[in-house]
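What follows is a set of notes on a single structure, which appears directly below.
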Amino acid sequence: MAALPLATAEVCDANSHLITNGELRALQPIFQVYGRRQVFAGPIVTLKVFEDNVLVREFLEEKGQGRVLVVDGGGSLRCAILGGNPVQQAQNNGWAGIVVNGCIRDVDEINGCDIGVRALNSHPMKANKKGMGEKHVPVTIAGTRICDGEWLYADTDGILVSRTELIV
């Protein structure tokens, strides 16, 4: 199920028709790069939370099967909704990557994990634990609408979202 990582620039060059018709979208370049895996790709699972990480942890406890968890944290810069322990678990459970529209913490620990992580920034404060949020819903992050089951491609040039798996 895990996609072969593709260079995002090559994907864009080879698929201009998909960009034109909206099937291939680039996220605005607002994310910091974390984790040892700088290039990653896979089918998307979406989650919408705000300053609460219970559902994030629950997802990452599941088998990842090469998927990418996309978390819309509302862009909050007031606390971290992802930390080192869940990222370690995600790595061990076979997740390809995690994209967080919000903050992370335990950066040194996360940077030691063989997984791709993108987040707005880091923050030392932890999130709430109320279990509030929505799973498998469309989210809009970095100017792009992202749906469960689409495909994400990330490298150091940026992040692409496609309606279908791509090959170059």
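By the 4.5 Å side-chain criterion applied to Ile, Leu, Val, Met, Phe, Trp and Tyr, M125 is assigned to no cluster and stands alone.
By the 4.5 Å heavy-atom criterion applied to side chains, R25 and R163 are counted as neighbours. Inter-residue side-chain proximity for L60 and I98 is flagged as met; some heavy-atom pair is nearer than 4.5 Å. For the pair R118 and V33, the minimum side-chain heavy-atom distance is below 4.5 Å. K135 has its side chain within reach of L55: a pair of non-hydrogen atoms, C-beta onward, lies under 4.5 Å apart. Residues L18 and L166 form a side-chain contact, since some pair of their non-hydrogen atoms from C-beta on lies under 4.5 Å apart. At least one side-chain heavy atom of L120 sits less than 4.5 Å from a side-chain heavy atom of I30. Within the 4.5 Å cutoff, the side chain of L152 has heavy atoms near those of the I159 side chain. Within the 4.5 Å cutoff, side-chain heavy atoms of H17 are placed close to those of N15.
The shortest heavy-atom contact between T164 and W151 is C-CD1, 3.4 Å. Taking each heavy atom of I104 and A119 in turn, the nearest pair found is CG2-CB, 3.6 Å. What you find for Q91 and D114 is that their closest heavy atoms are OE1-N, 2.5 Å. Scanning all heavy atoms of the two residues, the minimum distance from A41 to Y153 falls at CB-CD2, 3.5 Å.
The cationic atom of R67 (NZ for Lys, CZ for Arg) lies less than 6.0 Å from the six-membered ring centre of W95 and within 45° of the ring axis.
A donor-acceptor pair under 3.5 Å links the side-chain atoms of D52 to the main chain of G131, judged by distance alone. Judged by distance alone, the side chain of N93 and the main-chain N or O of E61 form a donor-acceptor pair under 3.5 Å.
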Quick one, V70 with V161, criterion side chain to side chain contact (heavy atoms under 4.5 Å, CB included). Give me CA distance, side-chain angles, the key distance, then yes/no.
CA-CA 11 Å; V70 174; V161 173; over 6 Å; no
Apply the test side chain to side chain contact (heavy atoms under 4.5 Å, CB included) to residues D72 and V49: give CA-CA distance (whole Å), side-chain angles for both, the deciding distance (0.1 Å), then the verdict.
CA-CA 6 Å; D72 181 1; V49 298; over 6 Å; no
In sequence, state the C-alpha distance, the side-chain angles, and the governing distance for E134 and L47, and then conclude on side chain to side chain contact (heavy atoms under 4.5 Å, CB included).
CA-CA 6 Å; E134 298 176 89; L47 179 58; over 6 Å; no
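Note: the hydrophobic cluster containing V137 does not contain V71 (ILVMFWY, side chain heavy atoms under 4.5 Å, direct or indirect links). Under the 4.5 Å side-chain heavy-atom criterion for Ile, Leu, Val, Met, Phe, Trp and Tyr, V56 and V100 are members of the same hydrophobic cluster. Hydrophobic clustering keeps F40 apart from V87 (ILVMFWY residues linked when any side-chain heavy atoms are closer than 4.5 Å, directly or through intermediates). Tracing side-chain contacts under 4.5 Å through hydrophobic residues (I, L, V, M, F, W, Y), one never reaches V45 starting from V139; they form parts of separate clusters.
Every residue two or more places apart in sequence or in another chain that forms a ring pair (Phe, Tyr, Trp, His ring centres under 6.0 Å) with F59 is listed here: H136.
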Give every donor-acceptor pair under 3.5 Å between a side-chain atom in residues 73-86 and any protein atom, sequence neighbours left out.
unit_1: S76; atom_1: OG; unit_2: E51; atom_2: OE2; d: 2.7
unit_1: S76; atom_1: OG; unit_2: R78; atom_2: N; d: 3.2
unit_1: R78; atom_1: NE; unit_2: E51; atom_2: OE2; d: 2.6
unit_1: R78; atom_1: NH2; unit_2: E51; atom_2: OE1; d: 3.0
unit_1: R78; atom_1: NH2; unit_2: E51; atom_2: OE2; d: 2.9

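Atom OG1 of T144 sits about 10.0 Å away from atom CG of L24, to the nearest 0.5 Å. Taking NZ from K130 and CG from N53, the interatomic distance works out to 12.5 Å, rounded to the nearest 0.5 Å. For the atom pair Q88 CD and I115 CD1, the distance stands at 9.5 Å (nearest 0.5 Å). Rounding to the nearest 0.5 Å places CG of N101 at 10.0 Å from NZ of K48. A distance of 12.0 Å separates CG of N121 from CZ of F31, quoted to the nearest 0.5 Å. In this structure, E150 CD and L160 CG are separated by 12.0 Å, a value rounded to the nearest 0.5 Å.
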